[in-house]
Amino acid sequence: MADPSSYRPKPGQIPDSPGVYRFRDEHRRVIYVGKAKSLRQRLASYFQDLANLHPRTATMVTTAASVEWTVVATETAALQLEYTWIKEYDPRFNVKYRDDKSYPYLAVTMNEEFPRVQVMRGQKKKGVRYFGPYGHAWAIRDTVDLLLRVFPVRTCSAGVFKNAARTGRPCLLGYIGKCAAPCVDRISAEDHRELAEDFCEFMTGRTGTYIRRLERQMTDAAEEMEYERAARLRDDIDALRKAMEKSAVVLADATDADLIAVAEDELEAAVQIFHVRGGRVRGQRGWVTDKVEAVTTADLVEHALQQLYGEERGDSVPKEVLVPALPDPVGPVQEWLTQRRGSNVSLRIPQRGDKKALMETVARNAQQSLVLHKTKRASDLTTRSRALEEIAAALELDSAPLRIECYDISHLQGDDVVASMVVFEDGLARKSEYRRFQIKGFEGQDDVRSMHEVITRRFRRYLVEKEKTGEWSPEEAQEGLTEDDGRPKRFAYPPQLVVVDGGQPQVAAAQRALDELGIDDIAVCGLAKRLEEVWVPGEDDPVVLPRTSEGLYLLQRVRDEAHRFAISYQRTKRTKRFRASPLDDVSGLGESRKQILIKHFGSLKRLRSATIDQICEVPGVGRKTAEAVLAAFAQAAPAPPAVNTATGEIMEDEDPVGTGDSDTGEEPAPADDSLNGQGATPTAAPKEGGTATPVGAPEPRRGMET
């Protein structure tokens with residue numbers, strides 16, 4: 001525990017200006033980010049008698065080891081910089097809202113030639129119109145199903161669309177009138193885009209215009225005795241009205257507004273947001289947070305506004321935002337919202353009428369969300385605490401292992417050997433801390449040696465980090481890391497327990513690596529798959545946990561997550577290797593120009609036989625690049641002829657571009673092997689017909705994947 005007076009800035013050092021400040025701990029990690037109208041006054045409030053500080057504030061200042069600040073021109077700039085740094089550094093003492101679920105949106109991909117209506121989750125993309133969020137994906141599909149009768153916009157995937165265009169036959173929706181079938185040129189790209197824009201206009205709440213238009217058309221058709229057409233228009237009107245009934249009118253003046261309510265107690269707070277467009281509730285979402293700092297309701301509202309609109313622009317920020325308490329001061333926040341929208345935004349507390357009544361409904365939802373969260377969390381905390389205590393007792397640890405790291409080795413019969421590291425903190429996966437390794441020290445299959453290498457590399461970097469902070473100075477630590485900028489370092493945090501996927505040999509290798517580095521305060525164990533036995537170093541017999549043990553369940557979850565993450569990385573590497581191309585080795589030739597070259601010549605076979613002058617005819621390709629392309633083909637082995645594996649027939653025709661041939665150099669869809677460890681493993685598209693395979697092309701070896 002640090003004494004705040006040891007790092008208190010000297011009098012006169014802190015400027016009396018708006019700015020953003022950061023507290024760092026002894027490891028140089030940013031633990032708190034805040035903003036202030038006057039940095040001098042705000043920071044002085046932290047350096048006083050600890051008895052006068054809020055308990056959470058006192059914990060923060062005693063955990064910190066230094067403070068630094070950045071001066072900005074205005075309070076609005078300070079608000080934006082604070083949000084940016086909170087997102088970048090993820091400080092442990094800042095309020096961070098957690099979405100209680102991943103909300104689906106109704107999205108219209110206006111950035112495509114033929115816009116598509118679909119359900120989307122996750123990060124928003126540029127050029128896509130979003131509506132929602134919705135509570136359930138089926139609610140979106142029900143709405144879309146009703147609206148496609150009137151707005152038959154494309155809903156199919158790119159693969160289905162291309163296949164329909166190739167065969168000249170639309171999908172089922174095209175036959176039953178719920179798709180305008182632009183894939184077979186039943187409608188032009190311009191008319192289809194106009195149809196998508198009408199769909200978006202209707203979803204934004206401008207419903208009366210379309211219903212009145214259809215009613216006029218129905219009346220005209222009836223007067224002209226076109227009764228079948230009139231009946232279809234009548235059904236279209238009914239479909240639109242049913243879609244409108246799914247979101248009842250809550251504000252009669254067709255207001256566009258977001259209503260934010262907060263329910264809180266001493267430890268936690270829940271936020272609920274209702275998105276009202278055209279007077280109707282178009283979406284709802286909620287967050288829950290731990291109150292790790294001393295905050296008021298106004299502070300929680302300000303943090304919620306940052307979370308809600310920090311990545312939004314334009315119409316995604318409504319004209320009116322209704323809140324239970326106004327931030328102090330309210331001017332910078334309102335100006336920040338106005339800048340993000342591009343026009344004036346009203347931030348206020350509803351006082352009377354429909355808006356106040358709706359705010360009370362939102363507040364009741366927030367209170368129910370907080371109660372439900374606390375009920376679930378109480379049960380979850382009890383289970384996780386019992387699991388950690390059982391692990392500590394079984395392994396004879398001094399305390400419960402709050403941070404557990406698990407390692408697994410994956411390969412395919414000795415090829416593409418990789419390793420994974422997953423992290424569980426307080427019994428929960430911390431996916432931002434996941435790491436992956438390529439085995440570099442040797443080639444071939446040796447899980448024990450691989451485990452020793454991975455543990456050595458991971459903890460050598462940890463020792464280097466300790467050396468940089470002055471905690472330890474080993475002669476062995478020679479590897480350097482990037483300059484410390486306050487963000488969590490790659491291997492900065494030591495675990496209390498290292499778990500390896502394997503038995504006695506893998507455990508011994510991990511312990512030997514720690515011993516060689518002089519680390520003696522980290523426990524090691526292994527979980528063998530066969531009988532789910534827990535092995536510890538130096539013991540001939542395993543530790544057997546009961547099958548119903550919560551501790552065993554937690555170790556199994558950690559081990560299985562490490563196995564999943566390792567296999568996903570190994571498959572990605574293998575797929576890329578199988579689909580390599582001579583063009584990959586051409587310096588300065590990016591993916592865009594590769595595709596242009598292949599599209600221009602039709603296949604790699606024709607490109608291989610082209611002359612330098614012919615290659616230079618491709619836009620964007622100069623003579624130097626053309627020479628490098630031909631040199632790459634000259635160094636590579638000639639492509640063998642394709643053979644139909646079912647009949648043995650040599651396929652003379654060249655593969656068209658886009659069939660997924662490994663000779664095209666086309667990269668597979670990337671798996672999400674980022675540090676969060678989520679995502680699906682990419683698979684190469686099969687060739688048309690599914691049988692033609694180049695002779696001599698690398699084939700996956702038949703064997704068990706570990």
Side-chain angles (χ1 to χ4, degrees), residues 111-114 126-127 158-159 161-163 165-166 189 415-416 438 440 443 571-645 647-671 673 682-701:
N111 55 347
E112 298 181 3
E113 181 182 5
F114 297 99
K126 186 177 181 181
F161 187 89
K162 291 179 180 179
N163 186 61
R166 181 178 59 82
D415 292 336
D416 298 318
Q438 296 184 48
K440 303 176 180 178
E443 295 183 358
R571 286 175 177 168
T572 302
K573 286 180 60 62
R574 187 176 74 239
T575 302
K576 290 182 177 180
R577 180 167 56 85
F578 287 166
R579 305 186 70 179
S581 163
L583 294 180
D584 297 339
D585 299 327
V586 178
S587 176
L589 190 64
E591 288 299 322
S592 297
R593 288 203 291 175
K594 286 182 191 177
Q595 297 302 321
I596 292 174
L597 279 170
I598 297 173
K599 185 176 181 180
H600 179 84
F601 288 98
S603 69
L604 280 182
K605 183 177 179 180
R606 292 178 181 172
L607 176 58
R608 183 183 284 109
S609 60
T611 63
I612 292 179
D613 293 336
Q614 290 173 333
I615 297 177
C616 290
E617 295 175 359
V618 179
V621 178
R623 190 170 190 85
K624 185 176 180 180
T625 302
E627 293 174 351
V629 168
L630 290 185
F633 279 122
Q635 295 175 2
V643 174
N644 187 318
T645 56
T647 64
E649 177 186 2
I650 296 179
M651 310 294 291
E652 295 294 341
D653 294 336
E654 297 170 351
D655 287 323
V657 176
T659 58
D661 184 9
S662 62
D663 198 32
T664 63
E666 179 184 352
E667 286 290 331
D673 272 318
T683 55
K687 290 188 177 184
E688 187 177 341
T691 57
T693 305
V695 173
E699 290 286 342
R701 299 166 67 174

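Quick caveat, the model's predicted, so the values are computed rather than measured.
- For Glu112, the salt bridge (charged side-chain N to carboxylate O under 4.0 Å, His left out) partners two or more places apart in sequence, or in a different chain, are Arg154.
- Residues Ala626 and Ile615 come closest through the heavy atom pair CB-CG2, 3.6 Å.
- Glu617 contributes atom CD, which lies 7.5 Å from atom OG1 of Thr611 (distance to the nearest 0.5 angstrom).
- Closest heavy-atom contact between Val618 and His600: CG2-CD2, 3.4 Å.
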